[in-house]
Amino acid sequence: MLPGTRDPMEPKVAPIDATLGAVVTNLDLARMDALTWKTVEQAFHDHAVLVFPGQNLSAEAQVAFANRFGDIELLAPDPEQKAVAISNQKPDGSVMGADEHRFKSLRGNEGWHTDSSYMPLAAKASVLSAQVVPSADGETEWADMRAAYAALDEATRQRIAGLSAHHSLYHSQAKIGHVVQTGGGYGFHTKGAPLRPLVKVHPVTGRPALYIGRHAYGIPGLDEAESEKLLSDLIDFACRPPRTYAHRWQPGDVVIWDNRCVLHRARPYDYREVRVMRHTRVAGDPATELAPTHRDDRAGAYEPSSSNR
Ligand SMILES: [Fe+2]
């Protein structure tokens with residue numbers, strides 16, 4: 001190659017018009033050399049959300065891609081199943097009804113959240129790939145908690161410094177009228193509700209970010225109403241332009257995001273249509289994503305554990 005010319009397979013990283021996100025093209029995620037991987041890893045830390053259009057990864061290739069970022073968080077009872085479907089389609093091909101348990105979990109995803117904050121070990125990153133998309137809507141949207149923290153006024157920064165919140169999937173689902181018994185799915189456990197600081201310093205970039213979302217509740221030192229108001233005010237402030245990006249999916253698209261510094265939510269669509277996404281979750285590092293738990297009154301028991309399994 002001549003000096004100054006561009007390698008034709010050098011990945012192209014195009015920042016999105018928001019404080020987060022980039023579209024990455026001119027690469028095959030299933031066949032990355034060391035230099036391409038370095039570019040992707042750096043872009044992940046710079047932009048926190050990476051969109052890879054038209055990758056059409058197999059399940060194995062998606063798991064291998066996620067595995068480059070860390071251990072896979074196992075979401076299904078079968079430890080061999082490292083990718084799961086996020087879908088409103090039932091095994092017989094029909095779509096779920098509005099009052100079905102799993103449909104209510106999908107609707108819960110429409111609230112701003114970060115993955116697995118309700119588990120002892122919160123997630124590092126999440127990968128989604130689009131398999132079947134509805135004819136309209138059904139976007140996934142992300143919000144930049146680094147930029148949100150940077151935009152806070154000094155009084156709010158001082159107020160939240162040192163504050164923590166509990167995180168519980170029982171809590172967030174109950175708020176949308178979905179009361180689930182212990183054992184009723186991933187997250188409905190007896191390990192207790194993790195207590196996590198409202199400000200998280202990113203272990204790689206060192207940037208502070210708001211660590212909030214719909215699973216957060218019960219800030220120690222504040223009464224219930226004050227806690228609820230502070231947490232919802234922070235979400236309202238944080239999750240707005242220019243800190244948000246909504247991706248309209250095409251089948252084959254792959255997105256990875258950094259759960260340590262962004263919130264995300266699913267957007268509604270016509271639920272009579274089928275939507276199938278394939279999801280792989282990257283486990284957090286115990287040194288920085290493991291949190292002590294406290295009794296969760298909505299759980300059937302309290303058996304503290306530092307393991308997500
Ligand atoms: Fe999620």
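Atoms within each ligand, like the ligands themselves, are counted from 1 in listed order. If you read the sequence from its start, that first residue is 1, and numbering goes on from there.
- A cation-pi contact links R157 to Y149, judged by a cut-off of 6.0 Å to the six-membered ring centre and 45° from its axis.
- Aromatic pair H171/Y217: centroids less than 6.0 angstrom apart.
- Under a 4.0 Å N-O distance rule, the pair R265/E141 qualifies as a salt bridge.
- Between Y269 and S135 there is no side-chain heavy-atom pair separated by less than 4.5 Å.
- Between E41 and R68, none of the side-chain N atoms (NZ, or NE/NH1/NH2) sits under 4.0 Å from a carboxylate O, so this pair counts as no salt bridge.
- Distances from the Fe ion (ligand 1) under 2.8 Å pick out these protein N/O/S atoms: H113 NE2, D115 OD1, H264 NE2.
- Ring centroids of H178 and H101 are separated by less than 6.0 Å, placing the two rings close together.
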